[in-house]
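As structure tokens, the structure follows; a few thoughts come after it.
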2 protein chains.
Amino acid sequence: MSLLDEFVAMRGGVQRIAALCSALPVDEIMLARKLKHVGAAISARFEQALQAHDLVEADFSVLMQLFGSPGRNASPSELCGLTAQRPTNMTRIGDALVRKGLATRATDPSDRRRIVLRITARGERLARTLLPQLSAEVSRIFSGLGDTQRRQLDTLLQKLAATLDTQSEEQDR
Amino acid sequence: MSLLDEFVAMRGGVQRIAALCSALPVDEIMLARKLKHVGAAISARFEQALQAHDLVEADFSVLMQLFGSPGRNASPSELCGLTAQRPTNMTRIGDALVRKGLATRATDPSDRRRIVLRITARGERLARTLLPQLSAEVSRIFSGLGDTQRRQLDTLLQKLAATLDTQSEEQDR
DNA sequence: ATTATTTAATTCATCAATGAATTTTTGCAC
DNA sequence: GTGCAAAAATTCATTGATGAATTAAATAAT
């Protein structure tokens with residue numbers, strides 16, 4: 001089923017609940033759901049494009065950051081910061097990249113706690129192959145929006161992120 | 001780390017790659033990432049609010065749709081349409097709701113392939129407890145946006161969904 | 001110098017979700 | 001009526017991700 005169909009069905013369902021219950025913020029609920037589903041759909045697109053190369057989005061993202069890192073290498077924790085991944089998952093990603101011959105793993109002699117992931121020649125070739133391909137995909141996805149709308153979207157997402165951040169802070173206190 | 005910090009770090013990483021590679025659409029890439037992460041953060045918020053009741057977002061969503069269904073019951077496949085879940089997962093959700101005493105499961109006598117999930121009194125109490133609570137959470141999340149901005153966001157998400165839909169169609173053909 | 005704290009990475013158990021294959025039932029074609 | 005395709009739900013194996021606990025190394029405190 002298409003996203004738009006899903007949205008219609010979901011709104012119908014939410015409205016039925018709203019009829020039973022006191023004053024549900026239907027529009028906000030739908031916004032939240034749409035945000036989630038559009039984000040997920042975009043991710044699914046990437047996954048689809050990547051699965052031909054037996055990569056998952058997180059792995060690809062880390063490979064790219066490795067490619068862009070000074071010296072073509074970085075530690076898992078640095079990569080965590082760059083890709084918003086958890087350490088546990090970064091271990092798995094490292095395993096996957098090493099297994100596929102896209103990166104090597106070595107312990108940093110200057111700080112033996114650190115692990116250094118380094119992209120291989122093969123990894124770099126793959127990066128250079130995938131980058132234009134995935135870039136085109138991203139461009140296609142946003143091709144329906146003009147410059148103004150893109151800026152609008154960015155502004156709105158930044159604002160939402162800011163709200164979420166401050167509310168999380170409040171909660172932690 | 002906060003979302004805004006993540007965004008800054010991610011943009012830095014993407015820009016370093018862009019410097020190495022031909023004309024990367026940095027802004028679009030960041031839009032895609034922000035969409036994904038804001039959507040995920042909103043979901044995480046719900047999960048957090050729900051985990052006190054040992055529910056996960058999908059389970060909650062199904063419970064609500066069950067609550068709003070005519071006759072307080074529905075089949076898994078109907079619920080799949082209403083909540084954008086896969087049948088396999090719906091089976092698990094049904095299991096969870098039944099196990100927690102929030103719903104019952106019975107086979108429809110008029111079509112013995114169909115299963116009828118029916119919300120229990122306890123499930124309904126929980127629904128009536130959670131709805132206002134979660135609604136407040138949604139409202140808080142969007143409290144930073146004015147009416148115009150909400151409409152903008154909705155328009156943009158609809159447009160993106162439309163683009164994603166048509167491109168998926170093209171691909172399937 | 002010894003001890004305690006912090007940091008990096010990993011292991012382990014667990015979870016939600018998925019696709020493929022399967023079972024059962026219904027509806028349709030002939 | 002028999003055979004066949006479609007539909008509904010499920011089972012099974014697998015996957016990506018997570019938190020809690022663990023190990024090892026570096027750093028700070030005393």
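Naming: A, B, ... by sequence-line order, numbering from 1 per chain.
Checking A/A84 against A/D108, the closest nucleotide of DNA chain D that is more toward the 5' end is the one next to A/A84. Map B/P87 and A/N89 each onto its nearest nucleotide of DNA chain D; the residue landing nearer the 5' end is B/P87.
One can place CZ of B/R92 at 15 Å from C1' of D/dA9, the figure rounded to the nearest angstrom. Distance CG (B/D111) to P (C/dT23): 20 Å, rounded to an integer number of Å. Straight-line distance from the CG atom of B/L97 to the P atom of C/dA16: 12 Å, rounded to whole Å. Counting to the nearest Å, the C1' atom of D/dA17 and the CE atom of A/M90 are 12 Å from each other. Computed from coordinates, the A/E57 CD to C/dA17 P distance equals 18 Å when rounded to whole Å. As rounded to whole Å, 11 Å separates atom C1' of C/dC15 from atom CG of B/D59. One atom, CG of B/D95, and another, C1' of D/dA9, lie 11 Å apart when rounded to the nearest Å. One can place CD of A/E78 at 9 Å from P of C/dA8, the figure rounded to the nearest angstrom.
Across all their heavy atoms, B/I141 and A/L160 have their closest contact at O-CD2, 3.6 Å.
In summary, of the residues considered (A/I119, A/L130, A/L102), a side chain to side chain contact (heavy atoms under 4.5 Å, CB included) with A/F67 occurs for A/I119 alone.
In the set D/dA20, D/dA25, C/dA9, C/dA9 carries the atom at the smallest distance from any side-chain atom of A/I115. Of all nucleotides listed (D/dT10, D/dA25, D/dA17), D/dT10 comes nearest to the side chain of B/T88. The side chain of B/S75 approaches D/dA9 more closely than any other nucleotide in the set D/dG16, C/dA9, D/dA9.
At the phosphate of C/dA8, neither OP1 nor OP2 sits under 4.0 Å from any side-chain N or O atom of A/R86. Phosphate proximity of C/dA9 to A/S77: present, with a side-chain N or O under 4.0 Å from OP1 or OP2. For A/R114 and C/dT7, the shortest distance from a side-chain N or O to OP1 or OP2 is not below 4.0 Å. Close to C/dT11, at under 4.0 Å from its OP1 or OP2, lies no side-chain N or O of A/T91. The phosphate of C/dA8 has neither OP1 nor OP2 within less than 4.0 Å of any side-chain N or O from A/R105.
Remark: the B/R113 side chain and the C/dT24 base include no donor-acceptor N/O pair separated by less than 3.5 Å.
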### Task
Show your reasoning for whether salt bridge (charged side-chain N to carboxylate O under 4.0 Å, His left out) applies to B/R151 and A/D27.
CA-CA 9 Å; B/R151 269 193 298 276; A/D27 289 337; over 6 Å; no
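Not a single donor-acceptor pair under 3.5 Å links the side chain of B/S61 to the backbone N or O of B/A58.
In summary, the side chains of B/T83 and B/Q65 do not present any donor paired with an acceptor at a separation below 3.5 Å, with no hydrogens or angles considered.
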